[in-house]
Chemist: 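Below are the structure tokens for one structure; questions will follow.
As the structure is a prediction and not an experimental result, all values here were calculated from the model.
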Amino acid sequence: MKPIYTIRLEGIYVRAFHGCYDLEQQVGNRFRVDLAIRTPLGDLPSSDDVREAVNYLTVYEIVERTMQRTQRTIEAAAANIIEAIKDEFPEIVEVECSVAKIAPPLGGKIDRVSVTLIG
């Protein structure tokens, strides 16, 4: 069995329009996305060929594009990101995706609210 390795993209900040309140969907908010992608290592260490690796730029672009699809919940946003990444890279074994809403409008001071999905 080939070893599995983890690629992490941490602190992807985007402005998006997710939220259960209509106002959130109109004015938007800041979100942070963190990913841990588990995929087979294959011959990458010996070949040193970037074409055999998961392209980080493509993953970043998927996150940005997917976050622009307005959702009522950050759970739906995280699930959409996981699905889009796995569609683009079928060799991926697992994606762990955390989506955090920065300073959510909950009536008091709170840094963020976040969810983490694994798929």
Chemist: Honestly curious: do L41 and V54 fall in one hydrophobic cluster under the side-chain, below-4.5 Å linking rule?
Modeler: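 Linked within one cluster.
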Chemist: Would you compute the distance between atom CD of E83 and atom CD1 of I62 and round it to the nearest 0.5 angstrom?
Modeler: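 The distance works out to 11.5 Å.
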Chemist: Would you call E94 and K86 a side-chain contact if the rule is heavy atoms closer than 4.5 Å?
Modeler: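 No, every pair of side-chain atoms sits at 4.5 Å or beyond.
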Chemist: Quick check on the hydrophobic clustering: are F89 and L35 connected, directly or via other members, by side-chain heavy-atom contacts under 4.5 Å?
Modeler: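 Both belong to a single hydrophobic cluster.
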Chemist: So, are E10 and R32 salt-bridged, with charged N and O less than 4.0 Å apart?
Modeler: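 Here E10 does not pair with R32 in a salt bridge, since their nearest N and O are not under 4.0 Å apart.
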Chemist: Check the surroundings of atom CG in N55: do more than 12 heavy atoms from other residues, nucleotides or ligands lie under 6.0 Å from it?
Modeler: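 More than 12 within 6.0 Å, yes.
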Chemist: Dump the intermediate steps for side chain to side chain contact (heavy atoms under 4.5 Å, CB included) on D34 and I12, then the final yes or no.
Modeler: CA-CA 6 Å; D34 296 300; I12 302 170; over 6 Å; no
Chemist: Measuring only between side-chain heavy atoms, which start at C-beta, is R30 closer than 4.5 Å to Y13?
Modeler: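 They are in side-chain contact.
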Chemist: Answer with yes or no whether the hydrophobic clustering places Y56 together with Y5; edges join I, L, V, M, F, W, Y residues whose side-chain heavy atoms lie under 4.5 Å apart.
Modeler: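 Yes, Y56 connects to Y5 through the hydrophobic network.
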Chemist: Whether the E52 and S47 side chains hold a donor-acceptor pair (N or O, under 3.5 Å, no angle test) is what I'd like checked.
Modeler: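 Judged by distance alone, the side chains do pair up.
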Chemist: Verify the neighbour count for atom CG of D48: are there more than 12 heavy atoms of other residues, nucleotides or ligands below 6.0 Å?
Modeler: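 12 or below, so no.
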Chemist: Establish whether V93 and L117 are linked, either directly or via other cluster members, by ILVMFWY side-chain heavy-atom contacts under 4.5 Å.
Modeler: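 The answer is no; the residues belong to distinct hydrophobic clusters.
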Chemist: Taking the side chain as everything from C-beta on, heavy atoms only, tell me whether L9 gets closer than 4.5 Å to V59.
Modeler: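 Answer yes - side chains close enough.
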Chemist: Any heavy-atom pair between the side chains of I110 and P104 that's under 4.5 Å?
Modeler: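 A side-chain contact under 4.5 Å exists here.
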Chemist: Do V14 and I102 share a hydrophobic cluster, counting only Ile, Leu, Val, Met, Phe, Trp and Tyr and linking them when any side-chain heavy atoms are less than 4.5 Å apart?
Modeler: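 Shared cluster, no.
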Chemist: Return the CD to OG1 distance between E75 and T116, rounded to the nearest 0.5 Å.
Modeler: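 So the gap between those two atoms works out to 10.0 Å.
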Chemist: Could you tell me the separation between the CD1 atom of I81 and the CZ atom of R65, rounded to the nearest 0.5 Å?
Modeler: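 It comes to 11.0 Å.
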Chemist: Could you report the tightest heavy-atom contact between R112 and A100, atom names first, then the distance?
Modeler: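 Between these two residues, the closest heavy atoms are CD-CB, 3.7 Å.
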Chemist: Would you indicate whether the side-chain heavy atoms of N80 and R69 approach each other to under 4.5 Å?
Modeler: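 The answer is yes; the side chains approach within 4.5 Å.
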Chemist: Can you give me the closest heavy-atom contact between C97 and I82, atom names plus distance?
Modeler: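 Nearest pair, atom of C97 first, then I82: CB-CG1, 3.7 Å.
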Chemist: What is the minimum heavy-atom distance between F17 and F31, and which atoms define it?
Modeler: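 What the structure gives for the nearest pair is N-CE1, 4.5 Å.
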Chemist: Say you draw a straight line from CD1 of I74 to CG of N29; how long is it, rounded to the nearest 0.5 Å?
Modeler: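 Interatomic distance, I74 CD1 to N29 CG, rounded to 0.5 Å: 10.0 Å.
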Chemist: Using atom types as modelled and distance alone, determine if a side-chain donor or acceptor of T66 lies under 3.5 Å from a backbone N or O of V63.
Modeler: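 Not confirmed, T66 side chain does not pair with V63 backbone.
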Chemist: More than 12 non-hydrogen atoms from neighbouring residues, nucleotides or ligands closer than 6.0 Å to CZ on R8, yes or no?
Modeler: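 For R8, atom CZ is not crowded (no more than 12 foreign heavy atoms under 6.0 Å).
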Chemist: In sequence, state the C-alpha distance, the side-chain angles, and the governing distance for M67 and V33, and then conclude on side chain to side chain contact (heavy atoms under 4.5 Å, CB included).
Modeler: CA-CA 9 Å; M67 286 295 286; V33 177; 4.1 Å; yes
Chemist: If you round to the nearest 0.5 Å, how far is OG1 of T73 from NZ of K101?
Modeler: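 Reported value, rounded in 0.5 Å steps: 9.5 Å.
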Chemist: Just verifying a value: how many Å separate L44 CG and R51 CZ, rounded to the nearest 0.5 Å?
Modeler: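 Between atom CG of L44 and atom CZ of R51 there are 11.5 Å.
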